[in-house]
Amino acid sequence: MSTADHHDRLRLSATGGRTVPVRFDGAAPPGLVRPAPGDFAVFAADRACRVDPAVLSGDEAERAAGFLRAADRERYTVAHVMLRLLLAAYLGGDPASLQLFAEACPLCGGPHGRPAVAGEPRLHFSLSHGGAFALAAFASEPVGVDVEPVPEDAAVRDLLGCLDAAERREFDALPPRERRSAFARAWVRKEARLKALGTGLALDPASVHAGLGPGPGPGVADVAMPHGHAAAVAFTGRRPSSPR
């Protein structure tokens, strides 16, 4: 399937609230074109994907080496190599030479806001890795993406405070067997939105309404993932464009 076909699938599925990510197999697809206004692209990689860590920056390589668990180290490495290769494919140049930085936080002004590439304000991106997968999202406007494994019951109980009052009523009305996956949907939608805003979890997740049902609200699309994981992509501006 061509890159253009992949982007058409993303655009069409996003209008229905569910996005099919492009599989990253260790190399960037040829002919990547920056997403047009209102469009976005999402790529997914398995943590077992074979990648060359030589493109990582010194800080990224040090961070990867600091993980005690091999699974965490592999997932981080795959995520950041994927990001650099895809950014280089969009922008041109050497993936190892890209200068990545964090913008100012809109809450406190500290250097921990949205990620960015030096000198490239027109391409926005977001990165997430959790469970067995890594996701990268790209857009022409601020974007956030999040992927997480569906949490166990104990973790859900510990995190119920991130739901607003309406979501908590919705959660309590669900059959127990549906609560974990529903909570995971709400959590990734909230975190994706907070990443798009540039605040991350410095802003209370309960202040962002996401809903637990299968249909996300405006500016958010669920990302189709294998069983046991949930993911979402969010925008600060308008929703993805309608099918052409």
Side-chain angles (χ1 to χ4, degrees), residues 1-14 19-47 49-64 74-104 111-129 133-147 192 195-196 198 221 223 231 233-238 240-241 244:
M1 179 176 289
S2 70
T3 302
D5 289 335
H6 277 307
H7 282 258
D8 285 342
R9 286 180 61 195
L10 287 166
R11 188 181 305 113
L12 286 164
S13 58
T19 291
V20 179
V22 178
R23 181 180 177 84
F24 177 84
D25 60 4
L32 281 183
V33 178
R34 298 188 194 200
D39 290 342
F40 64 91
V42 180
F43 297 82
D46 188 287
R47 78 159 190 252
C49 177
R50 289 175 175 255
V51 296
D52 182 1
V55 303
L56 296 177
S57 69
D59 288 345
E60 289 166 342
E62 183 177 353
R63 175 75 183 275
E74 292 165 358
R75 185 175 57 231
Y76 177 92
T77 299
V78 167
H80 287 263
V81 170
M82 172 175 68
L83 176 65
R84 284 186 169 273
L85 293 179
L86 291 171
L87 283 170
Y90 278 120
L91 301 172
D94 176 17
S97 299
L98 294 169
Q99 299 296 311
L100 308 184
F101 70 99
E103 296 177 341
H112 49 82
R114 285 185 293 261
V117 181
E120 293 292 343
R122 293 183 297 119
L123 181 65
H124 296 266
F125 63 93
S126 181
L127 182 67
S128 178
H129 42 92
F133 296 97
L135 291 183
F138 302 86
S140 61
E141 60 188 290
V143 63
V145 71
D146 190 52
V147 58
K195 286 183 175 182
V223 178
V233 61
F235 294 83
T236 59
R238 58 179 175 165
S241 62
R244 290 195 292 267

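Everything numeric here is computed off the predicted structure, so don't read it as measured data. Position 1 is the first residue of the sequence, and the numbers go up from there.
Here the closest non-hydrogen pair linking Ala96 and Ala54 is CB-O, 4.5 Å. Nearest heavy-atom pair across Val33 and Tyr90 is O-CE2, 3.2 Å. When all heavy atoms are compared, the tightest approach of Gly93 to Ala88 is O-CB, 3.7 Å. Shortest non-hydrogen contact noted between Pro37 and Ser140 is CA-OG, 3.1 Å. Considering all non-hydrogen atoms of both residues, Ala89 and Ala28 come closest at CB-CB, 3.7 Å.
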In residues 112-121, what donor-acceptor pairs under 3.5 Å come from side-chain atoms, sequence neighbours left out?
residue : atom : partner : partner atom : Å
Arg114  : NH1  : Ala196  : O            : 2.6
Arg114  : NH1  : Leu197  : O            : 3.1
Glu120  : OE1  : Arg34   : NH2          : 3.0

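A side-chain contact (heavy atoms from CB on, under 4.5 Å) with Val81 is found for exactly one of Leu83, Thr77, Val78, namely Thr77.
Within the 4.5 Å cutoff, no side-chain heavy atoms of Arg47 are placed close to those of His129. Residues Leu123 and Leu87 form a side-chain contact, since some pair of their non-hydrogen atoms from C-beta on lies under 4.5 Å apart. Taking 4.5 Å as the limit, some side-chain heavy atom of His80 sits within range of a side-chain heavy atom of Leu127. No side-chain heavy atom of Pro95 sits under 4.5 Å from any side-chain heavy atom of Leu86.
Using cut-offs of 30° and 60° on the angle between ring planes, the pair Phe138 and Phe43 is perpendicular.
To the nearest 0.5 Å, atom CG of residue Asp146 and atom OG of residue Ser128 are 4.0 Å apart. Taking CD from Glu74 and SG from Cys49, the interatomic distance works out to 11.0 Å, rounded to the nearest 0.5 Å. Atom CG of Leu85 sits about 9.5 Å away from atom CG of Leu98, to the nearest 0.5 Å.
Residue pairs that meet the salt bridge (Lys or Arg N to Asp or Glu O under 4.0 Å) test with at least one member in residues 50-60, sequence neighbours left out, are Glu60-Arg84.
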